[in-house]
Amino acid sequence: MTEKKDGSSGSIHAMGHALLDRLNGPQKAAASHVEGALLVLAGPGSGKTRVMTHRIAHMIGQGVPAWEIVALTFTNKAADEMKRRLAMLVPGQKVWAGTFHKFCATLLRRYASLVGLKENFSIYDRDDQRKALKQAIEEAEVELFQYTPDEIANKISWAKNQLISPEEYTARPGDPLGSLVERTYEAYQRRLLEANAVDFDDLLYHVARLIRDHEDLRRALDQRFKYILVDEYQDTNLVQYMIVRGLSIDHPNLAVTGDPDQSIYGWRGASLNNIMEFEQDYPDVEVVRLEQNYRSTHAILSVADQLIRNNAYRKHKELFTENQGGTAVKLVHYSDHRDEADRIADQILDAVQEGRRQARDFAIFYRVNALSRTLEQALRRRGLPYQIVNGLEFYQRREVKDILAYLLLLNNPQDDIAFERIINVPARKIGKTTVGHLRRHARQYRMPMIDAAREALTIEGLSPRSAKMVAQFVSLYDELSPLVTQPVEELMGQVMVKTAYRDLLANSDKEEDQQRLANIDELLSAAREYDDEVGEEGGLEGFLEQASLVADTDALHTENDKITLMTLHAAKGLEFPCVYIVACEDNLIPHSRSKNDPDQIEEERRLLFVGITRAEEELQLSLAHYRTLRGSDFPTSASPFLLELPREQMDVRDMGLGSRFDLPDFMPETDVEMTFETPWEGDADFSADSSPEEEVYDDQGAKSGKGGSKKKKSGSGGHKLLTAAQMAGESVSRRVDPELFQFGMLVSHPEYGSGKIVALSGRGLKRTASVDFFDGSQKKFRLAFATLQPISAAD
DNA sequence: ATTCGCAAAGTTTTT
DNA sequence: CTTTGCGAAT
C-alpha cells in the first residue's frame, strides 16, 4: 500500500540504537519486547506493521537468530509488505514471513507421509474441492435429498476447523444434514488422500493434527520456531489457534497483533475469542495498546470511535490523533440509488477536474457486490476511470485452470481431478461414458486414473475407438512427462503446443477466445517471472503451490490512477484519502441475514467501522430514500448504525425526495480530455476509442461489452504483425533483441528454414527459444547469439 | 459435444 | 436485474 505519511518506511533508521527512536511510546514498548507473550491491540492506522517489523529488527539486533523467527499473516500482500520493510530494516536477514497457508503447506510437504500424503500433493481450490466432494458423494451412494453439496462442504469445512476427523464426526440426533456429512466426510477425505491432494482447510487441519498428535514433532517445531508473530490475530480460527498454541509451549514467545474491532470474518470461522482471551492463555502476557491514529483526521476518527463504542464484546481503546480536525464527515440522504451514484460521481469529477484530487484518491465501498453496478455506470458516463476489486480472479479462469491442470497432473499423477479436467480438453472425443469407465476401473483397482488410462484396452465395455483416443492421451502425457524438470515457462509452453490448446484458441475468431489466448500468455509470463525469481530450485511444485495460494497479487494496483470500488470486506487493510460508503441502509448494513443474532450485528458494526477508518481526509456516508436492487424498487430505512453516529458534528444533508422524478440524465457539461464520447449508455467500447496501449478500465472480463457478450482487451494477444519499422530494423541488424521474440512467433533460420517458437525460457543472455521447424525438427537457441529472424508476431 | 431455454436465487470470501 | 445450474434439443 501507500507509504504512511508518518514516514514508516524506516529505512534510514535501520541502525542499532536509532532503530526505535522514531516510534511513539506504546509502539516502542511493543517493538522492544523480546521474550514471552505479547498482545498488541492495534487500532486502525496505528502503525501496526511498523511495530512488527521494528520488533523483528530489534530482536535480531538483540542476537536472536533470524531463522528462529516466523511471522504469520493472512494475506500474501501483508506478508510481502512485511518482507519488503524487513529487507530495508535488516537487509539480508532471512526471517520467515508468509501466510498461514503457505507456512502449513511447507511443513506439510516435509511431513506429508505422516498423514498419508506424498510431498508432491496438489492443493485444491473451492472448485476442485466441490468436484471431489461430488464424486465422493456419488461413490458413497449418499442420497442428498434437498441438500446441496455446498452445504455438505461447509459442514466439512467447519469440522476441519474444529479439528474433528471424519471418524470423530458424529451428527446430533435429528440432524439430517449432519448425518449426510457423517457419511460423506470420510469418503471425501479418502478421495483426497487417494488423489494425493488437500483442500485449503486441510493445509491447516493436517498440520494442527500433526502438532497435536506427535509430541516429538511438536517439540521439534516449537524449538525450531522459537519466536512467532501473528498478524490480524482477531481473524484466526480454531485450527490456527491450535497451531500457534502448539508451537509456543516450550518457547512461549508469541507476539500477536490485531484489533477485535476489526474482526469481520466471524462468519468464516474466525473466532474473536482467540484475541479476547489471549490474556488468559498467556498469563504473563504484556499488553500494548496502539491508540494513536496516524491515518485519519480527527473528524473521521471520532465518528468511527462513536460507532464502535456501541459494541459490547470488545476491548476498549482510547483512539486519538494529532491530525487536524479535517472536514466534517458527510452523511447524505439521496432520493434513489441512481441519484446517489450520480451525485457522488459528480463530486469526484469536480475534484479531479479542479485538480484538487486524482482519481486514485477515491474509494467507494458497499456492503454487497450487487450495489456496484449503478456506481460503475455513473462513473463510466463521466469517463472517470475505475477499478473493481471482486470476483473472477485470474487463476480461476477456465483456460488458466486447464493449463494448470496439465501441470498438476504432471507433478502429481494421482491427481484425478486434474486428470478429469483435461482428459478431453481440448476435445479428444473422450466423453462422459469413457471417463466413467476409466473412473470405475481406477476405483476398482485403487489406482490413479492416469494408470487406468494406460490399461484402457483391457477395460471391459470400453470401445476400441475410445481406447485408442485414451491411448493417445496417455502418450501425450508421457511425452510431456520428462519435461517437468525444465523451467516452468518452457514446460508450460510445451504443454500449450503439444496439446494444441494454444492453436485452438489462436485459430478461433471468437473474441472470447482471443481474450483466453491473452490470459494463457499472461500465465506464461507468470511462469517466467517465477523461473526468474527462484532460479534453479523451486521447480514445478513451487510454482503450482504459489498459483494455488496466491489469490491474485495484483488485483489492486494503487499506482493506477483509478477510483477503487469494492465491498467493505475487501477494504480491510487499505487506506484512501477520500472514501464514500454507500447504501447505509437497514437490511444492507446490518444485512438482513445478520439481524437475528446480536453477535452478527456487532460484526456488521465492525464492518462499518472498518470502512470508516479507511478514510484519511474525507468521508461521506450515504443512503437513498428508495433503492433499486435486483430488479425491484423499494423504500428504505436508515441503518440503525447511523443513529449511533455523532450527527451534530457531521455534515448531514437530505437531498430530498422531490428530485426523484425530475432528475435529468447526466449530461456532460464540459468537454475535458478524460470525457469519452459515450452516446450509448452502458454500451461504450471505450478501449477501442482510447489509445490501444492504455486500458481505461480494469474491468473484470471486459465489462464494457454489452449485455454479456464478452469483449477482448484491445491490443492484447491476437494477430499482431510487426511494424514496418521493426521489420526494417531487423533486416539490417543481424541479431534481434531477445525480448522481442514471442511465444508462437514465426521465425526463420538461415540453416533450418522457417519454424514456430513453441517455448521460451530464461532471461537475458540465457533466454532460450525452442523452435519447431516446418521440416519437423525441433531446435533450441540462445536468443542472444542465434541468427534467428522474426517473420511475424504470434500467430 | 456445444447451445439453448427456463427456473431459481442472489451477503461478505484473506487462502 | 443478473447469474447459474440443469435438462433438453441440435
Side-chain angles (χ1 to χ4, degrees), chain A residues 72-81 98-105 123-126 129-130 134 148-150 154 157 160-161 198-205 231-232 234-237 239-240 258 262-270 337 365-374 377 389-393 395-396 424-435 510 545-553 555-556 566-574 583 587-595 600 603-604 606-608 610-611 627-633 682 701 703 707-708:
Chain A
L72 297 171
T73 65
F74 280 84
T75 66
N76 290 295
K77 199 166 152 194
D80 290 344
E81 175 64 8
T99 65
F100 265 102
H101 287 83
K102 172 72 184 160
F103 178 71
C104 289
I123 300 172
Y124 283 173
D125 64 14
R126 252 194 78 214
Q129 180 194 340
R130 276 255 276 312
K134 277 183 183 163
T148 65
D150 260 355
N154 287 338
S157 176
K160 287 179 179 177
N161 281 312
V198 298
D199 61 26
F200 283 144
D201 295 321
D202 279 339
L203 286 171
L204 306 176
Y205 167 85
D231 192 20
E232 306 278 19
Q234 78 280 358
D235 287 334
T236 49
N237 62 22
V239 187
Q240 288 157 336
Q262 294 182 63
S263 162
I264 55 175
Y265 285 106
W267 52 276
R268 280 181 64 182
H337 73 121
F365 304 150
Y366 34 81
R367 175 67 238 266
V368 300
N369 283 310
L371 291 166
S372 72
R373 174 146 274 115
T374 325
Q377 284 172 358
V389 181
N390 76 348
L392 299 168
E393 286 168 15
Y395 284 102
Q396 298 272 49
N424 196 35
V425 174
R428 302 188 176 85
K429 304 237 151 65
I430 301 175
K432 257 208 306 237
T433 330
T434 308
V435 175
K510 283 194 210 150
E545 181 168 304
Q546 184 178 303
S548 317
L549 297 183
V550 172
D552 55 341
T553 36
L556 187 66
M566 59 183 150
T567 62
L568 285 162
H569 281 90
K572 198 172 87 163
L574 306 177
N587 293 322
L588 276 169
I589 182 157
H591 195 274
S592 54
R593 297 211 179 185
S594 301
K595 295 195 6 176
Q600 286 189 53
E603 182 154 313
E604 296 280 317
R606 291 193 291 266
L607 192 53
L608 186 56
V610 165
R627 179 144 318 258
T628 310
L629 193 59
R630 299 203 253 275
S632 62
D633 191 35
K703 279 215 166 66

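Side chains included, hydrogens not; waters and symmetry mates left out as well; all remaining heavy atoms used. Please read all numbers here as calculations on a predicted model, not as lab measurements. Naming convention: chains lettered A, B, ... in sequence-line order (proteins, then strands); numbering from 1 in each chain.
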Query raised in the report: CD of A:Glu603 versus C1' of B:dT13: gap in Å, rounded?
Result: 12 Å
Report summary line: In short, A:Asp235 meets A:Ala270 closest at the heavy-atom pair O-CB, 3.3 Å
Report summary line: Among B:dT11, B:dT12, B:dT15, the one nearest any side-chain atom of A:Leu549 is B:dT15
Report summary line: To the nearest angstrom, the CD-P distance between A:Glu232 and B:dT15 comes to 12 Å
Report summary line: A:Gln396 CD to B:dT15 C1', in whole Å, measures 11 Å
Query raised in the report: Looking for any heavy atom pair under 4.0 Å, which part of the strands does A:Phe100 touch: base, sugar-phosphate only, or nothing?
Result: nothing
Query raised in the report: Would you say A:Asn369 reaches B:dT12's phosphate, i.e. side-chain N/O to OP1/OP2 under 4.0 Å?
Result: yes
Query raised in the report: Taking atom types as they are modelled, is there a donor-acceptor pair under 3.5 Å from the base of C:dT2 to the side chain of A:Arg630?
Result: no
Report task. Using the P atom on both, measure C:dG5 against B:dT12 and round to a whole Å. Result -> 15 Å
**Report entry** Salt bridge flag under 4.0 Å for residues A:Glu604 and A:Arg367
**Finding:** yes
Requested in this report: Report the nucleotide, chosen from B:dA1, B:dG10, C:dT3, that has the shortest atom-to-atom distance to any side-chain atom of A:Arg373.
Outcome: C:dT3
Requested in this report: Identify, between A:Val368 and A:Lys572, the residue whose nearest nucleotide on DNA chain B lies closer to the 5' end.
Outcome: A:Val368
Report task. Identify, between A:Asn424 and A:Ala570, the residue whose nearest nucleotide on DNA chain B lies closer to the 5' end. Result -> A:Asn424
Query raised in the report: What do you reckon, do A:Tyr265 and the base of B:dT13 stack, with centroid distance below 5.5 Å and planes below 30°?
Result: no
Query raised in the report: Sub-3.5 Å donor-acceptor pair from the side chain of A:Asn76 to the main-chain atoms of A:Leu549, do we have one?
Result: yes
Query raised in the report: Quick check: does any side chain N or O of A:Gln377 sit under 3.5 Å from a backbone N or O of A:Thr374, one acting as donor and the other as acceptor?
Result: no
Query raised in the report: Separation of A:Gln234 atom CD from B:dT14 atom C1', in whole Å?
Result: 11 Å
Query - Interface with DNA chain B, restricted to residues 426-435 of chain A and to heavy atoms under 4.0 Å - result: A:Gly431
Query raised in the report: So, is A:Arg126 near the phosphate of B:dT15, with a side-chain N or O under 4.0 Å from OP1 or OP2?
Result: no
Requested in this report: Using atom types as modelled and distance alone, determine if a side-chain donor or acceptor of A:Glu603 lies under 3.5 Å from a backbone N or O of A:Gly266.
Outcome: yes
Query raised in the report: Rounding to a whole Å, what distance do you find between A:Leu607:CG and B:dT14:P?
Result: 14 Å
Query - Rounded distance (Å) that lies between atom P of B:dT13 and atom NE2 of A:His569 - result: 7 Å
Query raised in the report: Do the side chain of A:Asp202 and the main chain of A:Tyr205 share a donor and acceptor less than 3.5 angstrom apart?
Result: no
**Report entry** Among B:dT13, B:dT11, B:dT15, the one nearest A:His591 by side-chain distance
**Finding:** B:dT11
Query raised in the report: How close or far is atom P of B:dT12 from atom NZ of A:Lys595, stated in whole angstroms?
Result: 17 Å
Query - Over all atoms of both residues, closest heavy-atom pair of A:Cys104 and A:Leu204 - result: SG-CD2, 3.5 Å
Query raised in the report: Is any side-chain nitrogen or oxygen of A:Arg268 closer than 4.0 Å to OP1 or OP2 of B:dT13?
Result: no
**Report entry** B:dT11 and C:dC6, which share atom name C1', separated by this distance in whole Å
**Finding:** 25 Å
Requested in this report: Report yes if a side-chain nitrogen or oxygen of A:Thr567 is closer than 4.0 Å to either non-bridging phosphate oxygen (OP1 or OP2) of B:dT13; otherwise report no.
Outcome: yes
Report task. Classify the nucleic acid contact of A:Asp235 as base, sugar-phosphate or nothing, counting any heavy atom under 4.0 Å across all strands shown. Result -> base
Report task. Report the distance from atom NZ of A:Lys160 to atom C1' of B:dT15, rounded to the nearest whole Å. Result -> 14 Å
Report task. Using the six-membered ring wherever Trp is involved, compare the ring planes of A:Tyr265 and A:His569 and label them parallel, tilted or perpendicular (cut-offs 30° and 60°). Result -> tilted
